[in-house]
Amino acid sequence: MNVAFFILPKTEVITLTPSHTMRQALERMDRHGYTAVPLVDEQGKYAGAITEGDLLFKMKNEPELKFTDTHRVALRDVPQRRNVVPVKIDAVMEDLIKLAVTQNFVPVVDDMDVFIGIVRRSDIIEYCYGKMAR
């Protein structure tokens, strides 16, 4: 089965850009209840994912950085500790399952690496459960 069947389009995905700040990321994650958010650059290309852990480790590793200063730190300056690997739009379910083992979502990009959307781990699990139940 093709990835396109499961994709949550970018218009429905909360994303951030590398120029957003730590504070904006924290507020958006808190508001939507997410632990990770895709980063999309100004050209629309997938640029990784920022996680709560990335933000926490940035603060841990820079003790002089206070929460009140997080509005001054761009996400491009926050190391991404995890490589949230994307798939191309023509990927198959097996590709998604492999990545879903370690990722909450799988970003989907086109042939030019432009971000198209995501496939949520929960959708992948539901698909697998449906196959097992038959």
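- The same ILVMFWY cluster, assembled from side-chain heavy atoms under 4.5 Å apart, contains both L65 and F67.
- For K131, the side chain to side chain contact (heavy atoms under 4.5 Å, CB included) partners are Y127, R134, not counting sequence neighbours.
- Nearest approach of P18 to A74, heavy atoms of both residues: O-CB, 3.7 Å.
- Each of K45, K88, Q43 was checked for a side chain to side chain donor-acceptor pair (under 3.5 Å) with D113, and the lone residue meeting it is K88.
- Here the closest heavy-atom approach between residue R81 and residue D54 is recorded as N-OD1, 2.9 Å.
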### Message
side chain to side chain contact (heavy atoms under 4.5 Å, CB included), that's the test. Do I50 and M29 meet it? Break it down for me.
### Response
CA-CA 10 Å; I50 198 76; M29 287 177 178; 3.7 Å; yes

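- Within the 4.5 Å cutoff, the side chain of T51 has no heavy atoms near those of the L56 side chain.
- For the side-chain contact (heavy atoms from CB on, under 4.5 Å) with V108, the qualifying choice from I7, I118, L8 is I7, the only one to do so.
- Checked for salt-bridge contact, K58 and E62 meet the test: a charged N lies under 4.0 Å from a carboxylate O.
- Contact annotation: the side chain of T70 approaches that of M59 to within less than 4.5 Å [non-hydrogen atoms, C-beta and beyond].
- Nearest heavy atom pair, residue A91 against residue V87, reads CB-CB, 3.7 Å.
- Note: the hydrophobic cluster containing M93 also contains V3 (ILVMFWY, side chain heavy atoms under 4.5 Å, direct or indirect links).
- Counting only heavy atoms from C-beta outward, the side chains of Y34 and E52 never approach each other to under 4.5 Å.
- Looking only at side-chain heavy atoms (C-beta outward), V84 and F105 come within less than 4.5 Å of each other.
- Tracing side-chain contacts under 4.5 Å through hydrophobic residues (I, L, V, M, F, W, Y), one never reaches V40 starting from L16; they form parts of separate clusters.
- Annotation for A25 and L55: closest pair CB-CD1, 4.1 Å, computed over non-hydrogen atoms.
- Considering all non-hydrogen atoms of both residues, H71 and T21 come closest at O-CG2, 3.1 Å.
- A salt bridge links R72 and D69; the closest N-O separation between the charged side-chain nitrogens and carboxylate oxygens is under 4.0 Å.
- Looking at F115 and P107, their side chains come closer than 4.5 Å, going by heavy atoms from C-beta outward.
- V37 has its side chain out of reach of R28: every pair of non-hydrogen atoms, C-beta onward, lies at least 4.5 Å apart.
- Expressed to the nearest 0.5 Å, how far CZ of R120 lies from CG of L96 amounts to 13.0 Å.
- E42 meets the side-chain hydrogen bond (donor to acceptor under 3.5 Å, both in side chains) test with S19; sequence neighbours excluded.
- Using a distance-only test at 3.5 Å, with no hydrogens or angles considered, no donor-acceptor pair links the side chain of K10 to the main chain of T15.
- At a threshold of 4.5 Å between side-chain heavy atoms, the hydrophobic network of Ile, Leu, Val, Met, Phe, Trp and Tyr places L26 and V78 in one connected group.
- Atom NE2 of residue H20 and atom CZ of residue R76 lie 11.0 Å apart, to the nearest 0.5 angstrom.
- F6 has its side chain out of reach of V106: every pair of non-hydrogen atoms, C-beta onward, lies at least 4.5 Å apart.
- Grouping the Ile, Leu, Val, Met, Phe, Trp and Tyr side chains by contacts below 4.5 angstrom, directly or via other members, places V109 with V13.
- Using a 4.5 Å heavy-atom threshold, the side chains of I14 and R31 count as separate.
- Shortest non-hydrogen contact noted between L39 and L75 is CD2-CD1, 3.8 Å.
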